[in-house]
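Everything numeric in this text was worked out from a predicted model, so none of it was measured.
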Amino acid sequence: MVIYFVLVMQGISYAKLANLPPIVGLYSSFVPPLIYSVLGSSRHLAVGPVSIASLVMGTMLSGSVSSTDDPILYLQLAFTATFFAGVFQASLGLLRLGFLIDFLSNATLVGFMAGAAVIVALQQLKGLLGIVHFTGKMQFVPVMTSVFDHKDEVSGFTKGKQLTKCSHVNIGLIHLQWSWQTIVMGFGFLLFLLTTRQISIKKPKLFWVSAAAPLTSVILSTILVFCIKSKAHGISHIGHLPKGLNPPSLNMLYFNGQYLALTIKTGLITGILSLTEGIAVGRTFASLQNYQVDGNKEMMAIGLMNMAGSCTSCYVTTGSFSRSAVNYNAGAQTAVSNIVLAAAVLVTLLFLMPLFYYTPNVILAAIIITAVIGLIDYRAAYKLWKVDKLDFLACMCSFFGVLFISVPLGLAIAVGVSIFKILLHVTRPNTVVLGNIPRTQIYQSLNRYKEASRVPSFLILAIESPIYFANSTYLQERMLRWVREEEERINESHESTLKCIIIDMTAVSAIDTSGIDMLCELRKILEKRSLQLVLVNPVGSVMEKMHKSKILESFGMSSMFLTVGEAVGDIAASWKPQP
């Protein structure tokens, strides 16, 4: 029952977040769960609308089409974007291209969700303050400007003010103040929702407290507005919601015209985000119960679910962490729980819709704010700063990009930073100087292990990445620089002359022809300087390519060893004069 409360309230609230009629959120909580229960592989994933996909869809579509001025066209674009999202998701599963979503790193998602949460929360000030005319933009500056530019505006009219009529819509030329009734009710219930959330966080066994809080707020606020409806002119409410099953929307899909590119782009981005969230949530709960979730099957299930949903008046859906957590804590063991939820939503659609007539919009705003606050994970951001500065940079680029530029561009910038990080690691791999741990045959980094010591006459290097065309030139230059620095150090300290360079290839998982050519060239350069080059422990695939390229013949077996200790021992012994 608790998960039903969460599903209904989030369905209505997230539809508003996407600038869609609340009823569409309930439609999207009925058909998709039925399809996923048949096709999905997760036992605990609870399917329905989610905040991030709703936000992105609302942001991208509202930038070109107004949901109030042209609601039919907006619905067409939303359903079509959902169709393209489903096509993209199913295609990834069919072609087994799920690795593409891995480019959305955890650091990128942490920043993206935090930025999106801030924007969503600020957008809800419209409902909390009772503002009528509010910006449709989703950047920080326009939203805050709209709040303070319209601080004297409220939903409703006063006596003695001129009214005009245009297109059957009354537009008041008014000059009022923020609605104090809306503010009191909104912030009162927001405080209640946040308090119940904290209770559930501190005492996980009381998870049902925060789960039931949204419906409790809706019931109480609806009763309150109904009782004072004659005096509550400043509090806007949902109004009429049609009863009945999902109407077909296949005829509303928009496959030509000036907005086709917009629907494809919106579908692509919302498809990636919802797919990433759904698979991540499914794998999280699967790991708790020691079973496997088939990634490609999940992509197919979520994709087909959204394609079918677009034809039955639904918008983008996926697995929600909050609903799945409630589902898990309630003891759900199979995907049948989605069928039970869909049946409960069906009862709501057929019989309970009139009960939402007096539900105030301010409560939906409070529910949304409470939901998105959990997306701001400052602890994760602090951990990124401590562990990896480039990951933190990607996180901040995503956060500020979403906050001040736009959701798609903010996400694109963060993905670009993540790809740059990959390229940086590929083209500038790590190399370290190894030393011997006294009284052992173990060789470790001199920088990491203070007890490790250099071996006289040897320079032992380790390459910690594959050797490809993209990094072979850098690796050659870096190793020659190591040699020069070692020779300078020896001259200053008057130690034994450098005679041998050992390259530990244990961590070299792959090599291409450019890498093989680099090793041959490096050997020739070192031979001219009377230095011996030795390779240690190339892995199977690397050894196979070296054998096919006949590099082993030029090196000779005396230049190949299984361990660094064996190489040092044999070579040092060969330098001793024979009796």
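In terms of heavy-atom proximity, Pro360 sits nearest to Thr222 at CD-N, 4.1 Å. Considering all non-hydrogen atoms of both residues, Leu193 and Ser217 come closest at CD2-OG, 3.5 Å. The minimum heavy-atom distance linking Leu350 with Lys243 is given by the pair O-CD, 3.5 Å. Considering all non-hydrogen atoms of both residues, Ser91 and Val87 come closest at OG-O, 2.7 Å. In this structure, Cys314 and Tyr27 approach most closely via the heavy-atom pair SG-O, 3.3 Å. A pairwise comparison of heavy atoms in Val110 and Ala381 identifies CG1-N, 4.3 Å as the closest pair.
Using modelled atom types, no side-chain atom of Ser274 and backbone atom of Thr318 make a donor-acceptor pair closer than 3.5 Å. Within the 3.5 Å criterion, the main-chain N or O of Ser313 finds a donor-acceptor partner in the side chain of Ser249. The main-chain N or O of Ser41 is found under 3.5 Å from a side-chain atom of Glu298 such that the two form a donor-acceptor pair. No donor-acceptor pair under 3.5 Å is formed between the side chain of Thr431 and the backbone N or O of Glu464. No donor-acceptor pair closer than 3.5 Å links the side chain of Ser62 to the backbone N or O of Thr59. Under a 3.5 Å cut-off, the side chain of Asn338 and the backbone N or O of Leu45 do form a donor-acceptor pair. Between the side chain of Ser445 and the backbone N or O of Leu434, no donor-acceptor pair lies under 3.5 Å. Without hydrogens or angle criteria, Asn471 side chain to Tyr468 main chain gives a donor-acceptor distance under 3.5 Å. In this structure a side-chain-to-backbone donor-acceptor pair under 3.5 Å is present from Ser337 to Thr334. A side-chain donor-acceptor contact under 3.5 Å links Tyr36 to the backbone of Ser42.
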Do Asp512 and Lys545 pass the salt bridge (Lys or Arg N to Asp or Glu O under 4.0 Å) test, and can you show the C-alpha distance, the side-chain angles, and the key distance before you say yes or no? CA-CA 8 Å; Asp512 65 1; Lys545 286 189 177 181; over 6 Å; no
Please evaluate residues Gln10 and Ser29 with respect to the criterion side chain to side chain donor-acceptor pair (under 3.5 Å), reporting the C-alpha separation (whole Å), side-chain torsions for both, the decisive distance (0.1 Å), and the verdict. CA-CA 9 Å; Gln10 287 188 351; Ser29 303; over 6 Å; no
Intermediate values then yes/no, side-chain contact (heavy atoms from CB on, under 4.5 Å), Phe84 and Leu260: CA-CA 10 Å; Phe84 284 123; Leu260 179 60; 4.0 Å; yes
Assess whether side chain to side chain donor-acceptor pair (under 3.5 Å) is satisfied between Ser398 and Thr108, documenting all intermediate values. CA-CA 6 Å; Ser398 182; Thr108 300; 5.9 Å; no
Test log, rule side-chain contact (heavy atoms from CB on, under 4.5 Å), inputs Ile219 and Thr216: CA-CA 5 Å; Ile219 293 174; Thr216 303; 5.9 Å; no
Apply side-chain contact (heavy atoms from CB on, under 4.5 Å) to the pair Leu562 and Val536, showing each step before the final yes or no. CA-CA 5 Å; Leu562 287 176; Val536 170; over 6 Å; no
Verify side chain to side chain donor-acceptor pair (under 3.5 Å) between Tyr315 and Ser54, making sure each step is shown before the conclusion. CA-CA 8 Å; Tyr315 77 108; Ser54 302; 2.8 Å; yes
Evaluation steps, side-chain contact (heavy atoms from CB on, under 4.5 Å), between Arg448 and Val432: CA-CA 10 Å; Arg448 297 173 192 160; Val432 296; 4.3 Å; yes
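Atom CZ of residue Phe79 and atom CG of residue Leu20 lie 7.0 Å apart, to the nearest 0.5 angstrom. In this structure, Leu273 CG and Leu109 CG are separated by 7.5 Å, a value rounded to the nearest 0.5 Å. Distance CG/Leu349 to CG/Asn246: 6.5 Å, rounded to 0.5 Å. Atom-to-atom distance recorded for Ile363:CD1 and Leu220:CG is 8.5 Å, nearest 0.5 angstrom. Remark: Met307 CE to Thr82 OG1 distance equals 12.0 Å, nearest 0.5 Å. A distance of 12.5 Å separates CG of Asn306 from CZ of Phe88, quoted to the nearest 0.5 Å.
Using modelled atom types, one finds no donor on one side chain facing an acceptor on the other under 3.5 Å when comparing Thr317 with Ser28.
No more than 12 heavy atoms of other residues, nucleotides or ligands shown are found within 6.0 angstrom of CZ on Phe420. Crowding of Phe469 atom CZ: a count of heavy atoms from other residues, nucleotides or ligands under 6.0 Å not exceeding 12. Within a 6.0 Å sphere centred on NZ of Lys386, other residues, nucleotides and ligands contribute 12 heavy atoms or fewer. For OH of Tyr291, the number of neighbouring non-hydrogen atoms (other residues, nucleotides, ligands) closer than 6.0 Å is greater than 12. Within a 6.0 Å radius of OH in Tyr254, more than 12 heavy atoms belonging to other residues, nucleotides or ligands are found. Within 6.0 Å of the CZ atom in Phe351, the count of heavy atoms belonging to other residues, nucleotides or ligands does not exceed 12.
Counting heavy atoms from C-beta outward, Met505 and Ile463 have side chains that stay 4.5 Å or more apart. Counting only heavy atoms from C-beta outward, the side chains of Phe356 and Pro22 never approach each other to under 4.5 Å. In this structure the side chain of Leu352 reaches within 4.5 angstrom of the side chain of Leu355, judged on heavy atoms. Side-chain contact between Phe30 and Leu26: absent, with no pair of heavy atoms (C-beta onward) separated by less than 4.5 Å. Between Leu424 and Leu390, the closest side-chain pair of non-hydrogen atoms falls below 4.5 Å. Under the 4.5 Å side-chain criterion, counting only non-hydrogen atoms from C-beta, Pro214 is in contact with Ile367. Between Arg197 and Ile373, the closest side-chain pair of non-hydrogen atoms falls below 4.5 Å. Side-chain contact between Thr263 and Gln76 is absent, with no heavy-atom pair separated by less than 4.5 Å.
Remark: Lys383 fails to qualify as a cation-pi partner of Trp385 under the 6.0 Å distance and 45° angle criteria applied to the six-membered ring. Judged by the 6.0 Å and 45° rule, Arg43 forms no cation-pi pair with Phe285.
The aromatic rings of Phe192 and Phe189 stand perpendicular to each other, their planes meeting at an angle above 60°, with 30° marking the opposite boundary.
Remark: of the listed residues Pro466, Ser541, Ser465, Pro466 is the sole one forming a side-chain contact (heavy atoms from CB on, under 4.5 Å) with Ser509.
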